[in-house]
Amino acid sequence: MKSFLASLAAIGNQFGVLVVIGVLSYAFFDQLFVRDLPCPLCLMQRMGFVLIGGAFALNIRSGAQASHYGLGIVCGLVGMMVSVRQILLHIAPHDAGYGATFFGLHFYTWAFVGYAALVALQAVLLMLPMQEVRSRSGFASACILVLMALVLANLVATLLECGIGRCADNPTTYEGWQWLRDRLFTPSS
């Protein structure tokens with residue numbers, strides 16, 4: 001029974017990483033191909049998903065620990081608060097909301113749902129006996145590498161969008177890229 005629970009915990013952590021990869025991939029796809037640039041609150045929500053993914057990755061690589069699940073749950077709760085903040089900003093009548101919709105809901109509403117699901121998953125996994133749940137499988141390693149690549153890609157995209165300053169409230173261009181292009185590729189007179 002204990003080995004079954006350990007396998008269940010390993011699968012649950014890998015599933016959590018896959019969910020985070022899916023969320024970040026879709027958001028990144030929307031940013032690059034639909035040209036729907038994320039606002040500062042959207043970027044904060046992405047950061048919350050990255051941190052939750054990191055908590056799952058810690059469990060996969062270092063073994064399940066209550067502190068890892070606790071970190072993921074706290075990050076999920078903070079992400080939920082950021083999502084609720086953005087939902088409340090756009091709850092007024094005749095407010096179209098910010099950005100695109102997916103199945104009729106804005107991404108920040110879906111982020112709230114995603115955070116709630118990931119917090120619930122971590123709470124369930126936390127109730128399983130803390131055992132050796134490290135996963136050295138190729139699949140688990142590939143998931144973690146994809147997560148790391150998405151984190152790096154999102155970091156670069158955020159720097160290109162915002163530069164080193166404050167991000168625009170309603171971004172329409174990659175200001176960091178324009179700043180960099182002006183400094184590197186514009187001949188000085």
Side-chain angles (χ1 to χ4, degrees), residues 8-9 11-31 34 36-62 64-128 130 133 143-144 146-155 157-158 161-162 166-171:
L8 189 62
I11 290 168
N13 282 296
Q14 291 174 27
F15 177 73
V17 170
L18 284 174
V19 168
V20 171
I21 287 171
V23 167
L24 292 175
S25 296
Y26 189 80
F28 204 51
F29 172 84
D30 187 66
Q31 177 180 348
V34 181
D36 190 13
L37 296 180
C39 67
L41 287 173
C42 302
L43 293 171
M44 289 176 66
Q45 290 167 51
R46 285 188 193 187
M47 189 179 350
F49 282 112
V50 164
L51 293 172
I52 291 173
F56 282 122
L58 280 171
N59 283 327
I60 291 170
R61 283 295 174 216
S62 302
Q65 294 182 22
S67 59
H68 300 161
Y69 290 122
L71 171 68
I73 289 170
V74 167
C75 292
L77 293 174
V78 171
M80 287 172 77
M81 287 189 287
V82 173
S83 297
V84 166
R85 166 77 172 128
Q86 193 163 9
I87 290 167
L88 292 175
L89 283 173
H90 300 289
I91 205 165
H94 308 295
D95 187 331
Y98 181 83
T101 60
F102 183 71
F103 291 120
L105 297 176
H106 288 278
F107 291 156
Y108 43 85
T109 307
W110 281 113
F112 179 83
V113 172
Y115 282 126
L118 288 170
V119 166
L121 174 63
Q122 292 174 96
V124 168
L125 293 173
L126 185 58
M127 289 187 272
L128 296 176
M130 291 291 155
V133 262
C143 288
I144 291 174
V146 169
L147 179 66
M148 291 169 49
L150 277 169
V151 169
L152 182 62
N154 273 283
L155 175 64
T158 301
E161 178 185 341
C162 304
R166 183 173 183 253
C167 293
D169 289 338
N170 189 7

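This one's a predicted model, so the numbers in the text were calculated from it and none came from an experiment. When reading the values below, keep in mind they use all heavy atoms of this one structure, side chains included, and skip hydrogens, waters and symmetry mates.
No side-chain heavy atom of V19 sits less than 4.5 Å from a side-chain heavy atom of F56. Looking only at side-chain heavy atoms (C-beta outward), I11 and Q14 stay at 4.5 Å or farther from each other. Looking at heavy atoms from C-beta onward, L51 lies out of side-chain contact with V74 at the 4.5 angstrom threshold.
Here CD of Q122 is found 8.5 Å from CG of L71. Values are rounded to the nearest 0.5 Å. Atom CG of L43 sits about 4.5 Å away from atom OG1 of T158, to the nearest 0.5 Å. Between L37 atom CG and D30 atom CG the span is 9.5 Å, to the nearest 0.5 Å. If you take CG on D95 and CG on L89, they are separated by 8.5 Å, rounding to the nearest 0.5 Å. Between the SG atom in C42 and the CG atom in D36 there is a gap of 7.5 Å [rounded to 0.5 Å]. M44 contributes atom CE, which lies 9.5 Å from atom CE of M81 (distance to the nearest 0.5 angstrom).
For the pair G48 and Y115, the tightest heavy-atom approach, listed with the atom from each and the gap, is CA-OH, 3.5 Å. Nearest approach of L121 to F15, heavy atoms of both residues: CD2-CD2, 4.0 Å. Looking at every heavy atom in both residues, I21 comes nearest to L147 through CD1-N, 4.0 Å. What you find for G76 and V119 is that their closest heavy atoms are CA-CG2, 3.7 Å. What you find for L41 and V82 is that their closest heavy atoms are O-CG1, 3.7 Å. Closest of all the heavy-atom pairs between C143 and L18 is SG-CD2, 3.6 Å.
Ring geometry, W110 versus F103: the interplanar angle exceeds 60°, so the pair is classed perpendicular (tilted spans 30 to 60°). Ring geometry, H106 versus Y108: the interplanar angle falls under 30°, so the pair is classed parallel (tilted spans 30 to 60°).
Remark: F28 pairs with Q31, L32, R46, A153, N154, A157 by the side chain to side chain contact (heavy atoms under 4.5 Å, CB included) rule, at least two apart or across chains.
Atom CE of M80 is surrounded by more than 12 heavy atoms from other residues, nucleotides or ligands within 6.0 Å.
Of the possible donor and acceptor atoms, one in the side chain of N13 sits under 3.5 Å from a partner among the backbone N and O of A9.
Disulfide status for C167 with C162: present, SG atoms under 2.5 Å apart.
Within the structure, side-chain hydrogen bond (donor to acceptor under 3.5 Å, both in side chains) pairs that include any residue of residues 77-89 comprise Q45-S83, Q45-Q86 (at least two apart or interchain).
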